[in-house]
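I have placed the structure first, in the form of structure tokens, so that the comments after it can refer back to it.
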Amino acid sequence: MQKASALKFQLTLMNALQFAVWGAYLTCMGRYLSNLGFSTEIGWFYSVQGIVSIFMPALMGIVADRWIPAQRLLGLCHLVAGIFMIAAAIYGMSAGPGNVKFGIIFLLYTISVAFYMPTLALDNSVSYNALSQAGLDPVSAFPPIRVFGTIGFILTMWFVDLTGFQDNQNQFITSGVLSILLFALSFSLPNCPVNKGGEKKSFVEALGLRAFTLFKRKEMAIFFIFSMLLGICLQITNGFANTFIFSFGAEAQYADTFGVQHSNILISLSQISETLCILLIPFFMKRFGIKNVMLIAMLAWVARFGLFGAGNPGSGVWMFVLSMIVYGVAFDFFNISGSLFVEKTTDTSIRSSAQGLFMLMTNGIGATVGTLGAQAIINSKTTFDAASGCTVGDWSTCWYIFAGYALVVGILFALLFHPKKEALKD
């Protein structure tokens, strides 16, 4: 019992640090980049997460499978990610606003992210392996541990907000230091043996490319295409919500509101909602089925964007709060229900590849296209005001465009997606 408790504590700490690393900059990086003079390039920093996610997790998965134990590789990836994130911060600080070269800081950041993104899968592998070795059921034991990942994400969001790091390079330093701490922790984690025998996945298999045969089935082809189309929505608010809310600081009536002064704390309500909405999915899946649950997610994205367009941090702050609440439905109902649909409707021989394809279409292609597309729209409607340090302009129109896009996707999904079986309702 004591060994199991100690193991759960280790894994809880690992998951908390894993997502705390991300939470330090993911929702506020746009503010810092704007201060460096890159307000029109924010989308590239978010889209590169999707680009490296297409191949780096698969590559690191093969390395963990064949040569380096997963817990060691997890630590090494965090070490590299932390060093390069701190290097990006040091470079930005030494060069100073207006003198930072986009190519240099983007390269340092990209290398960091390229080694961070695979750790999301490695974290799961280490957790599942350790729990199984301890005789615990990962299905029941892991979710309470994983919840602390979201808590860690929220805590660092609050930390960089309350310390005033949202506007400067210290958010990157915070992330880098936490990565290095996780590297140190990895030496105490249970060993994940290298798979020296048995069948080993090729790079093509790890990427999930075999699952492309699913496109021969009309039902699955439509599902994956709409997964990509809805995936376009995934990173838009992570990339631009903080910059948007802070833009109200250019107006005297809003400059001292809580939302402007502590936009990251306000945005963290989204992650809190995300944690709670996970608990609703089993009920909704059984009650309404996959199609309706995904439609609910699409309508939630419409509300997410529309409420941003209509709200403000003053008398309309309730719309911002409601937008944060519906985010949990928009994100969880789409990602988790979609993953369950893949699990239930694909053959066991390609099930893992199919999950990889789902992630490729959503967090890879979809999120990358969405972030760059959103950046182009925002660039056409806003400009950076050096005097106030805010990106000002017609933000409302931008959010309404995003809401309209999500609505069109939802309508088309309702008309075109007709799953042959609703096994998930049983």
Side-chain angles (χ1 to χ4, degrees), residues 19-35 39 42-43 45-46 49 149-168 170-172 174-175 233-250 254-278 300-301 303-314 316-332 335 367 370-371 374-375 378 382 389-391 395-396 398-399 402-403 406:
F19 289 91
V21 168
W22 214 6
Y25 66 86
L26 187 65
T27 60
C28 59
M29 177 171 55
R31 292 261 295 272
Y32 172 49
L33 295 174
S34 295
N35 287 337
S39 61
I42 294 171
F45 285 80
Y46 284 90
Q49 295 183 128
T150 304
I151 292 173
F153 190 100
I154 294 169
L155 288 177
T156 46
M157 287 182 69
W158 283 46
F159 176 77
V160 298
D161 184 303
L162 296 173
T163 54
F165 291 172
Q166 292 185 88
D167 298 305
N168 58 53
N170 288 336
Q171 59 182 271
F172 281 6
T174 300
S175 176
C233 300
L234 290 181
Q235 289 293 341
I236 292 177
T237 49
N238 281 337
F240 302 104
N242 194 305
T243 303
F244 158 64
I245 296 173
F246 185 68
S247 72
F248 285 92
Y254 300 121
D256 294 325
T257 58
F258 180 86
V260 170
Q261 296 297 317
H262 299 288
S263 51
N264 231 29
I265 291 179
L266 179 60
I267 293 170
S268 73
L269 295 176
S270 298
Q271 278 65 45
I272 295 172
S273 172
E274 180 188 334
T275 303
L276 298 175
C277 284
I278 291 176
W301 278 114
R304 167 72 159 173
F305 296 139
L307 288 166
F308 267 154
N312 63 64
V317 72
W318 65 271
M319 284 185 270
F320 283 176
V321 172
L322 187 56
S323 178
M324 307 307 170
I325 292 173
V326 300
Y327 173 82
V329 176
F331 185 86
D332 286 336
N335 280 276
T371 306
Q375 180 73 79
I378 291 169
T382 66
C390 300
T391 301
W395 278 99
S396 291
C398 298
W399 293 117
F402 304 148

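If you're wondering where the values come from, they're calculated on a predicted model, not measured in any experiment.
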Please report the C-alpha distance between Val317 and Phe258 in whole Å, then the side-chain angles of each, then the deciding distance to 0.1 Å, and finally whether the side-chain contact (heavy atoms from CB on, under 4.5 Å) criterion is met. CA-CA 9 Å; Val317 72; Phe258 180 86; over 6 Å; no
Are Ile378 and Phe402 close enough, and set up right, to give a side-chain contact (heavy atoms from CB on, under 4.5 Å), and what steps lead you there? CA-CA 11 Å; Ile378 291 169; Phe402 304 148; 4.3 Å; yes
As a quick check of understanding, evaluate side-chain contact (heavy atoms from CB on, under 4.5 Å) for Tyr254 and Ile245, giving each step before the final call. CA-CA 10 Å; Tyr254 300 121; Ile245 296 173; over 6 Å; no
Criterion side-chain contact (heavy atoms from CB on, under 4.5 Å) on Thr156 and Phe19, from CA distance to verdict: CA-CA 9 Å; Thr156 46; Phe19 289 91; over 6 Å; no
side-chain hydrogen bond (donor to acceptor under 3.5 Å, both in side chains) between Asn168 and Asn35, worked out: CA-CA 8 Å; Asn168 58 53; Asn35 287 337; over 6 Å; no
Could you go through Phe244 and Phe320, starting from their C-alpha distance and side-chain angles, then the distance that decides it, and tell me whether this counts as ring-ring contact (aromatic ring centres under 6.0 Å, His included)? CA-CA 11 Å; Phe244 158 64; Phe320 283 176; 5.6 Å; yes
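Looking at Thr371, its side chain does come within 3.5 Å of a backbone N or O of Ala367 through a donor-acceptor pair. Checking side-chain atoms of Ser268 against main-chain N and O of Ile265 turns up a donor-acceptor pair under 3.5 Å. Checked by atom type and distance alone, the side chain of Thr27 never pairs as donor or acceptor with a backbone atom of Asn238 at under 3.5 Å. No donor-acceptor pair closer than 3.5 Å links the side chain of Tyr327 to the backbone N or O of Ala300. The closest donor-acceptor contact from the side chain of Gln375 to the backbone of Gly370 lies at 3.5 Å or more, if one exists at all. The closest donor-acceptor contact from the side chain of Ser39 to the backbone of Ser34 lies at 3.5 Å or more, if one exists at all.
For the atom pair CG (Asn312) and CH2 (Trp318), the distance works out to 10.5 Å, reported to the nearest 0.5 Å. Atom CD1 of residue Ile325 and atom SG of residue Cys277 lie 9.0 Å apart, to the nearest 0.5 angstrom. Thr275 contributes atom OG1, which lies 7.0 Å from atom CD1 of Ile151 (distance to the nearest 0.5 angstrom). Taking OG of Ser270 as the start and CE of Met157 as the end, the distance is 7.0 Å to the nearest 0.5 Å. With rounding to the nearest 0.5 Å, the separation of CZ in Phe45 from CG in Leu33 is 5.0 Å. Distance check: Thr243 OG1 to Ile42 CD1 gives 4.0 Å after rounding to the nearest 0.5 Å.
Listed here is the closest heavy atom pair of Gly259 and Pro313: CA-CB, 4.3 Å. The two residues Gly309 and Ser396 come nearest to each other via the heavy atoms O-OG, 2.8 Å. Closest heavy-atom contact between Gly311 and Phe248: O-CZ, 3.8 Å. The two residues Ala403 and Gly306 come nearest to each other via the heavy atoms CB-N, 3.8 Å.
Side-chain contact between Trp301 and Leu234: present, with at least one pair of heavy atoms (C-beta onward) separated by less than 4.5 Å. The closest side-chain heavy-atom distance from Phe153 to Glu274 is not below 4.5 Å. In this structure, the side chains of Phe240 and Tyr46 stay at 4.5 Å or more apart for every pair of heavy atoms. Under the 4.5 Å side-chain criterion, counting only non-hydrogen atoms from C-beta, Cys28 is not in contact with Phe246. Within the 4.5 Å cutoff, side-chain heavy atoms of Phe159 are placed close to those of Phe165. Side-chain contact between Ile267 and Asp161 is absent, with no heavy atoms from C-beta onward closer than 4.5 Å. When side chains are defined from C-beta on, Arg304 does not count as touching Trp399, because their heavy atoms never get closer than 4.5 Å. You'll find the side chain of Asn242 reaches within 4.5 Å of the side chain of Asn264, heavy atoms only.
Taking the six-membered ring wherever Trp is involved, the centroid distance between the rings of Tyr32 and Tyr25 does not fall below 6.0 Å.
Counting only N and O atoms by type, the side chains of Ser263 and Gln166 include a donor and acceptor under 3.5 Å apart.
Here salt bridge (Lys or Arg N to Asp or Glu O under 4.0 Å) pairs that include residues 21-31, with residues two or more places apart or in two chains, are Arg31-Asp167.
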